[in-house]
Amino acid sequence: MTDNQPARVRYAPSPTGYFHVGGARTALYDYLLARQTGGAFILRVEDTDQKRFNPEAVADLLAGLRFLGLEWDEGVEAGGSYGPYTQTGRLDIYRKYTKQLLDDGYAYRCFCSSERLAAVNDARQKAGQNPGYDRHCRRLAPPETEARAAAGESFTVRLKVPPAGSITVHDAIRGAVTVKNSQLNDAVLIKSNGIPTYHFAVVVDDHLMEITHVMRGEEWLSSYPLHAHLYNFLGWEPPVFAHLPVILNPAGKGKMSKRETRAPDGSLYPVFVHTFKEMGYLPEAMFNYLALVGWSYDDKTEFMTREEIIGRFSLKRVNASPAAWNYDKLNHFNGIYIRRLSVEALTDRLLPFVRRAGIQADRDTLLKITPLIQERLTLLSEAAEKIDFFFGDDLPPFDLALLTPKKLTPADVPPILQKARAVLARIEFNHDALAAGLKQAAADMGLKAGQFFQPVRVATCGKKVAPPLYGTLAVLGKETVLRRIDQTLARLSE
RNA sequence: GCCGCAUUCGUCUAGUGGCCCAGGACACCACCCUCUCAAGGUGGCGACACGGGUUCGACUCCCGUAUGCGGCACCA
């Protein structure tokens, strides 16, 4: 399927917020390419923005990647021979290449104050020009700038963009993109605090870590030409670049929010990986769906195993246009994956969700209940409210009006329950016997099965919508079933 | 404002000049199955943004317009 050499691919988020689906999709594609080619998936943390750094974000990121099964071979916590894998640990390295750029005349020191920069920006915009820096310090002679720097004056280091001409860059998804150099700014490479900007750090790190494919969000496409100049000035061969389209909100209008919002009905629209996990989305369903947000294999194949996706993934088939996140479709995927699980596996995944909901469930009992709800689940978290009545001896009070089936009256209910009780008392509690007995009982009373079953269901489960009756009664057991029917009958006669 | 990217059913997509009066999936609707709810089955609704070219022939190529998105920070 692939003719690629082993790829070294990195996921390099900046830890400023929780791990969301956009980042997860990028990490997934990185992982796929690395696994497909037998290469390495590397995790690097871009913490050059000290102001927005959030230590909680790193933990959330690692947990999210592990949940999705995107195990990395190298990087944070995994180690490797290209470290450090956190940018603030690489300051000496950046210093070395800054000096090289300065010495070669591809960069210069800038002493402008932020006030002046802001003023220049305003003036340029008012004059109808592109906002940006006016290259004021670009003409300063190196001996002078060195002296000022040595004297302790604060400065940044800027890239010396070629004054004329244009540059053509290649994107694996979009093809060639040409930009005039006049559109480019003399971007800051090193901030006055000595820490590199993203632009500089990413180029140095990717090169030194021998990254072969850079996948990142589309928002970086505009600065790609800048990075390309940097590769040229440093005399390095650039890796393959692929700018992934943004993920749109479900309406397809505008970017998917990086904050979780609620629908008018109060339900949550998750965007963080940890929230999807808490809601009971399966990692395999997320993996499959995420792969399809922007990529497709052919005109009809959608359900694929991890191995199949790894084998079939191709950057050439990544769409250049943005894709809307479709919760309905993800839910559908999740339901399919839940149904594909073995009863044992589903039970094990359900157990923590059920217990978290406050139900004292034991695995053996749950094992018997799972088959009854397996094809009725979209999310693992939905199980609890579907099976709560299986636990505890007595039912919490329910609305007696629920007992009355369509076309019948409340007065019809007691005779039905009495008939059901009589039949249930004498038959064995297995599926076939229950089916035969209850159907016969309905026929004896001249009722449709549905009419006869409703009071029985409500009296034993406490709700109108419940798993199939025969299986439910069998799990509940004769003793509990008869007692609950008696209790309902008693409430009705009060 | 300037620059860049994108534009097929409501949504995700297939389609690389004739196989397409456009195929699949989610959602929606109807019917079937059925003890409720699901699941499953069958069928239906529904799209090439617009205008010019190029060509015997354009969803596919070119130009323009419109719309959306991104960038133009000592944030990533």
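In the text below, chain A, chain B and the rest are named by the order of the sequence lines, each starting its count at 1.
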Reckon Lys255(A) touches a base, only the sugar-phosphate, or nothing at all at heavy-atom distances under 4.0 Å? sugar-phosphate

Sugar-phosphate means primed atoms, P, OP1 and OP2; the rest is base. With that split, encode nucleotides 24-34 of chain B 5' to 3' as B, S or - using protein heavy atoms under 4.0 Å. BBBS-------

Provide the distance between the two P atoms, one in C48(B) and one in C21(B), to the nearest whole Å. 14 Å

Those residues that, when tested against Glu382(A), pass salt bridge (charged side-chain N to carboxylate O under 4.0 Å, His left out) (two or more places apart): none

Under 4.0 Å from OP1 or OP2 of U36(B): is there any side-chain N or O of Lys386(A) that close? no

Does any donor-acceptor pair link the side chain of Thr156(A) with the base of C74(B) at a separation under 3.5 Å? no

Sugar-phosphate only, base, or nothing, as touched by Cys461(A) at under 4.0 Å among non-hydrogen atoms: nothing

For residues 320-331 of chain A, the side chain to side chain donor-acceptor pair (under 3.5 Å) pairs (sequence neighbours left out) are Tyr281(A)-Asn331(A), Glu302(A)-Lys329(A), Asn319(A)-Ser321(A)

According to a strict under-4.0 Å criterion, is Arg339(A) in side-chain N/O contact with OP1 or OP2 of G40(B)? yes

Applying side chain to side chain donor-acceptor pair (under 3.5 Å) as the test, list every pair that has at least one member in residues 12-29 of chain A; sequence neighbours left out. Tyr18(A)-Glu56(A)

So the salt bridge (charged side-chain N to carboxylate O under 4.0 Å, His left out) pairs with at least one residue in residues 181-192 of chain A (sequence neighbours excluded) are Arg135(A)-Asp186(A), Arg138(A)-Asp186(A)

Using the P atom on both, measure G43(B) against A25(B) and round to a whole Å. 10 Å

Residue pairs involving residues 153-162 of chain A (criterion side chain to side chain donor-acceptor pair (under 3.5 Å); sequence neighbours excluded): Arg148(A)-Glu153(A)

Which atom pairs link the protein and nucleotides 46-48 of chain B when you take only N or O atoms and keep those under 3.5 Å?
none

Can you give me the N/O atom pairs linking the protein to nucleotides 61-64 of chain B at distances under 3.5 Å, or say none if there are none?
none

When we call it a touch if two heavy atoms are under 4.0 Å apart, what does Tyr470(A) touch: a base, just sugar-phosphate, or nothing? base

Would you say Thr48(A) reaches A76(B)'s phosphate, i.e. side-chain N/O to OP1/OP2 under 4.0 Å? yes

Using atom P of each nucleotide, how far apart are G68(B) and G41(B) to the nearest Å? 40 Å

Can you tell me, in whole Å, how much space there is between the P of U60(B) and that of C2(B)? 28 Å

Distance, P atom - from U67(B) to A49(B), rounded to whole angstrom: 16 Å

When the C1' atoms of U13(B) and A27(B) are compared, how many Å lie between them, rounded to an integer? 15 Å

For A30(B) and A66(B), measure between their C1' atoms and round to the nearest Å. 39 Å

In whole angstrom, what separates Asn121(A)'s CG from C72(B)'s P? 11 Å

Under 4.0 Å, heavy atoms only, any strand: does Gly217(A) hit a base, just the sugar-phosphate, or nothing? nothing

Base, sugar-phosphate alone, or nothing: which one does Gly252(A) contact when heavy atoms must sit under 4.0 Å apart? nothing

Quick one: label Asn185(A) by what it contacts on the DNA or RNA (base, sugar-phosphate, nothing), any heavy atom closer than 4.0 Å. sugar-phosphate

Report, one pair per line, the protein and nucleotides 4-9 of chain B atoms (nitrogen or oxygen only) whose separation is under 3.5 Å.
from: C5(B); atom 1: O2'; to: Arg174(A); atom 2: NH1; distance (Å): 2.7

Mind checking the P distance from C20(B) to C59(B)? Whole angstroms is fine. 13 Å

Determine which pairs satisfy salt bridge (charged side-chain N to carboxylate O under 4.0 Å, His left out) with at least one residue from residues 440-466 of chain A, sequence neighbours left out, and list them in order. Asp388(A)-Lys463(A), Lys419(A)-Asp444(A)

Please write out the pairs of protein N or O atoms and N or O atoms of nucleotides 18-22 of chain B separated by less than 3.5 Å, giving the distance to one decimal.
none

Checking all strands, does Pro467(A) fall into the base, sugar-phosphate, or nothing category for heavy-atom contacts under 4.0 angstrom? base

What is the nucleic acid contact for Trp220(A), judged by heavy atoms within less than 4.0 Å: base, sugar-phosphate only, or nothing? base

Test item: Arg312(A) and Asp298(A) side chains (from C-beta on) under 4.5 Å apart, heavy atoms: no

What residues, two or more places apart in sequence or in another chain, satisfy side-chain contact (heavy atoms from CB on, under 4.5 Å) together with Val120(A)? Arg116(A), Arg124(A), Asp134(A)

Between CG of Asn334(A) and C1' of A39(B) the distance, given in whole Å, is 15 Å

Counting side-chain heavy atoms from C-beta on, which of C74(B), G15(B), U36(B) comes nearest to Arg317(A)? G15(B)

